[in-house]
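Written out below as structure tokens is the structure these notes cover.
Order of the sequence lines sets the chain letters (A, B, ...), proteins ahead of strands, with each chain counted from 1.
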There are 2 protein chains.
Amino acid sequence: MGEGVEWGLHCCLVLAWIGDDEALSTAKLAKWFELPPAYLNKRLQALVRAGVLTSTAGARGGFRLGRPPEKITLMDVVTAIEGPEETFRCSEIRQRGAGAEAPASEFRHACGVSVAMRRAELAWRRELAAQTLADLMAEAPPSAAARARRWHERVNG
Amino acid sequence: MGEGVEWGLHCCLVLAWIGDDEALSTAKLAKWFELPPAYLNKRLQALVRAGVLTSTAGARGGFRLGRPPEKITLMDVVTAIEGPEETFRCSEIRQRGAGAEAPASEFRHACGVSVAMRRAELAWRRELAAQTLADLMAEAPPSAAARARRWHERVNG
DNA sequence: ACGATCCTGGATATTACATGTCCAGGAAGA
DNA sequence: TCTTCCTGGACATGTAATATCCAGGATCGT
Ligand code: SF4
Ligand code: SF4
């Protein structure tokens with residue numbers, strides 16, 4: 001799991017705190033977290049493509065949430081950044097070598113290893129889809145949200 | 001998730017099918033699945049270190065299961081090969097940059113992003129720990145097990 | 001109209017890690 | 001004693017994540 005997920009979640013959290021009235025530029029967000037601006041921008045673009053964020057070009061432009069926080073799940077952010085592929089990639093080694101001698105009827109039955117791993121991955125995705133940005137905001141200490149808004153007023157006018 | 005997990009699971013399955021009476025060498029297993037022998041051996045060594053497999057040196061040596069199949073969970077194999085680290089690594093970016101201005105009291109509270117991701121990961125691990133090698137054997141078509149034993153008699157005497 | 005800000009997307013470099021190979025040493029059986 | 005075979009480290013290779021840069025276009029404030 002790349003660190004981009006952590007970046008994305010924190011950025012979404014900040015954007016949720018400061019609200020939809022104002023946008024935050026890549027440069028501001030990068031400065032907040034001390035991250036490489038150009039690279040962070042790539043991740044933000046991925047979130048835009050997934051509809052999690054919206055972007056506005058031009059002066060006073062930047063990013064804001066694409067929909068209300070209670071409509072954004074952690075699963076949305078993770079798949080936007082990590083891609084839709086499953087973490088367990090099946091290379092079908094059972095059909096190679098000695099396994100190739102097996103009758104074709106055996107391959108119609110889904111591989112047990114594959115379904116077992118998929119079952120675990122589904123449990124993971126289900127748990128991610130069950131938690132929203134709004135949940136994270138609720139659990140966070142209120143002082144963090146207030147500090148985000150104060151910082152925003154200072155740097156964004 | 002590296003492909004080593006798939007290799008390890010398939011090898012464990014073959015070892016479970018042929019039973020504890022005989023051992024299988026790295027070379028034989030590699031030939032079965034058409035995998036690079038030296039590299040496969042690295043993964044098998046990891047399984048030995050975790051106690052999932054046992055190894056015997058010398059002629060007619062090789063690997064066999066370290067304990068009965070119903071005592072080997074998928075979680076055991078995955079952690080043996082992928083390592084014990086969580087897939088979501090937290091780099092504590094909330095304490096960097098503007099976040100550093102936060103009072104220390106805020107950091108005593110565990111980060112919400114971190115606990116949310118951990119919760120999902122625990123669901124994944126729980127699901128892996130709930131499935132054993134014996135379960136996989138039961139779900140597999142009986143013809144696969146029979147073919148494994150036949151092949152073993154041909155190559156191992 | 002004009003300059004400043006700021007997103008978009010492609011090309012490119014850098015780095016980390018997974019993958020893969022090789023070899024010397026030792027253990028066990030034939 | 002010869003062969004098989006595991007162990008562990010060193011090393012080479014390949015690939016993906018990470019990071020930087022630039023040209024193009026959009027928007028805003030003046
Ligand atoms: S048995 Fe399952 S994990 Fe193994 S190669 Fe086939 S589909 Fe993949
Ligand atoms: S808030 Fe959570 S995910 Fe973010 S840096 Fe802190 S511990 Fe890591």
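Distance, A:Lys31 NZ to C:dT5 P: 12 Å, rounded to whole Å. Taking atom CG on B:Leu40 and atom C1' on C:dA18, their separation rounds to 15 Å, with Å as the unit. If you measure from atom CD of B:Glu85 to atom C1' of C:dC17, you get 12 Å, rounded to the nearest angstrom. When the C1' atom of C:dA28 is taken as reference, atom CZ of B:Arg60 falls 13 Å away, rounded to whole Å.
For the ring-ring contact (aromatic ring centres under 6.0 Å, His included) test, residues two or more places apart in sequence or in another chain that qualify with A:Phe33 are A:His10. Residues passing the ring-ring contact (aromatic ring centres under 6.0 Å, His included) test with B:Trp17: none are found, sequence neighbours excluded.
Between the B:Arg43 side chain and the B:Gly8 main chain, no donor and acceptor come within less than 3.5 Å of each other. Checked by atom type and distance alone, the side chain of A:Arg89 pairs as donor or acceptor with a backbone atom of B:Met1 at under 3.5 Å. A donor-acceptor pair under 3.5 Å is absent between the side-chain atoms of A:Arg149 and the main chain of A:Ile18, judged by distance alone. Remark: side-chain polar atoms of A:Glu3 are not paired, donor with acceptor, to backbone N or O of B:Ser91 under 3.5 angstrom. The backbone N or O of B:Thr87 lies less than 3.5 Å from a partner atom in the side chain of B:Glu121, making a donor-acceptor pair.
The closest side-chain donor-acceptor pair between A:Thr73 and A:Gln131, if any, does not fall under 3.5 angstrom.
Each of A:Pro36 and A:Ala57 was matched to the nucleotide of DNA chain D holding its nearest heavy atom; the match closer to the 5' end belongs to A:Pro36. Where A:Ala59 and A:Leu44 meet DNA chain C, the nucleotide closest to each residue was compared, and A:Ala59 sits on the side nearer the 5' end.
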With 3.5 Å as the limit, what N/O pairs link the protein to nucleotides 9-11 of chain C?
from	atom 1	to	atom 2	distance (Å)
C:dG10	O6	A:Lys42	NZ	3.0

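Between A:Arg94 and A:Glu92 there is a salt bridge, since at least one side-chain N of the basic residue sits less than 4.0 Å from a carboxylate O of the acidic one. Ion pairing of A:Arg67 with A:Asp76 is present here, as a side-chain N (NZ or NE/NH1/NH2) and a carboxylate O approach within less than 4.0 Å. Salt-bridge annotation for A:Glu22 and A:Arg60: present, with a side-chain N of the basic residue lying under 4.0 Å from a carboxylate O of the acidic one.
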Check: After noting the C-alpha distance and the side-chain angles of A:Arg118 and A:Ser114, does the key distance pass the side chain to side chain donor-acceptor pair (under 3.5 Å) rule?
Finding: CA-CA 6 Å; A:Arg118 200 181 317 273; A:Ser114 165; 3.0 Å; yes
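When DNA chain D is scanned 5' to 3' for any atom under 4.0 Å from a heavy atom of chain B, the first and last hits are D:dT4 to D:dA10.
DNA chain D is contacted by A:Glu3, A:Trp7 of residues 3-11 of chain A, taking any non-hydrogen atom closer than 4.0 Å.
Each end of the helix from C:dA1-D:dT30 to C:dA30-D:dT1 gets its own axis, taken as the rotation carrying the C1' atoms of four end pairs onto the next four within a five-pair window, and the two axes meet at 20° to the nearest 10 degrees.
By the criterion of side-chain heavy atoms lying less than 4.5 angstrom apart, applied directly or through intervening Ile, Leu, Val, Met, Phe, Trp or Tyr residues, B:Val115 is not grouped with B:Leu122; the two fall into different hydrophobic clusters.
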